[in-house]
Amino acid sequence: MPDIDANPSWADQVEDGDDVLPPPTEDFHASTGTKILTEYKFNDDDKKVKVVRTFKIEKRKVSKSIATRKAWKKFGAAEKDAPGPNPSNTIISEDVIIQFVHSKDSQLNDNDEDPLNKIKGQKMVSCRICKGDHWTTKCPYKDSLAPLQESLDEKKKDGDAVDAAPGAPPGGAAAAKAPGGKYVPPNLRDGGNRRGESMMGGRKDESATIRVTNLSEDTREADLQELFKPFGNISRIYLAKDKVTGQSKGFAFINFHRREDAARAIQGISGFGYDHLILNVEWAKPSGTNP
DNA sequence: TATGAGCGT
């Protein structure tokens, strides 16, 4: 084992010897606008080499503070340095272009002015039920006025349909008769006679929805189905996922056919350890009911 | 981190 302290490396020996490098020099030629930098160093073969670099000095605008700083007398450890940057501790690099974010912002703000003013005071939506300044689905009179209006419409349609199909059921005629008319969801068809109720044995309870939170990220709909199936029939499962990445957001909605089953699921699964996490289950609040 | 999406005006 060689003793490192007793035998300094070849690099140290070179530096310790009388092979001392001359200091770098810098010459500026105002006539040509060039700066010549000369420095000395050892190459790979331990030979002393002279490195000459020529810079083209451009005249450029600098801010006042930089210009002032450039005129300062050198001080401290650099007191005895030649004018200009010292190549042993300073590197002149290429220009770096910096784009400031705030300038973009101010531009955007300027552009925003006009469109904002344009739509100012304009009525964007008008409720079909009460003509108010909100979407029809958000209408406060949706439940009270809308069915009234619908039944009025149905009566009008029935009157028209009597000539064409006297024996047909009113609702079916109305739905089948208007091919270019507006869409009526299946649960709202059949007008006021509610024939669907006798078929389904009662309306399904929309409020039998529970929310499951603290799900692990790799939980899938199928897993939830397996987990909640024992409590009763499930009508729908929605697992919240990121639209872009598809990654689970860690919560889900489960729709049961019966509210009692949902209640039992809350009792049974809340606090249930699943995939190293403790599940939290509670009643879901309907979305889109924000004031 | 956490209450879903769709239709339309």
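In what follows, chains carry the letters A, B, and so on, assigned in the order in which the sequence lines appear, proteins first and then strands, with residues in each chain numbered from 1. In this text the structure is predicted, and so the values were computed from the model without any measurement.
As rounded to whole Å, 14 Å separates atom P of B:dT1 from atom CZ of A:Phe251. For the pair A:Arg236 CZ and B:dG4 C1', the computed distance is 7 Å after rounding to whole Å. Distance, A:Leu239 CG to B:dA2 C1': 12 Å, rounded to whole Å. Atom pair A:Lys249:NZ and B:dT3:P shows a separation of 9 Å (rounding to whole Å applied). Atom CD1 of A:Ile237 is separated from atom C1' of B:dT3 by 17 Å (rounded to the nearest Å). Straight-line distance from the CD1 atom of A:Ile210 to the C1' atom of B:dT3: 13 Å, rounded to whole Å. Rounded to a whole Å, the CH2 atom of A:Trp283 is 17 Å from the C1' atom of B:dG4. Rounded to whole Å, the distance from CD on A:Gln247 to C1' on B:dT1 is 11 Å.
The aromatic ring of A:Trp135 does not sit over the base of B:dG8, since the test of centres under 5.5 Å and planes under 30° is not met.
Looking at A:Lys74, its side chain does come within 3.5 Å of a backbone N or O of A:Ala82 through a donor-acceptor pair. A:Ser235 places a side-chain N or O within 3.5 Å of a backbone atom of A:Asn255 that can act as its donor or acceptor partner.
Residue A:Asn255 has its side chain nearest to B:dG4 when only B:dG4, B:dA2, B:dG8 are considered. Of the candidates B:dT3, B:dT1, B:dG4, the closest approach to any side-chain atom of A:Glu217 belongs to B:dT1. For A:Tyr238, whose side chain is taken as the heavy atoms from C-beta onward, the closest listed nucleotide among B:dG8, B:dG4, B:dA2 is B:dG4.
Using a 4.5 Å heavy-atom threshold, the side chains of A:Thr219 and A:Tyr274 count as touching. Looking only at side-chain heavy atoms (C-beta outward), A:Ile210 and A:Trp283 come within less than 4.5 Å of each other.
Across A:Ile254 and A:Ile234, no two heavy atoms sit closer than the pair CG2-CG2, 3.9 Å.
Residue-level contact check: A:Glu282 touches the bases, meaning some heavy atom is under 4.0 Å from a base atom.
Residue order along DNA chain B, read from the 5' end via each residue's closest nucleotide, puts A:Asn214 first among A:Lys243 and A:Asn214.
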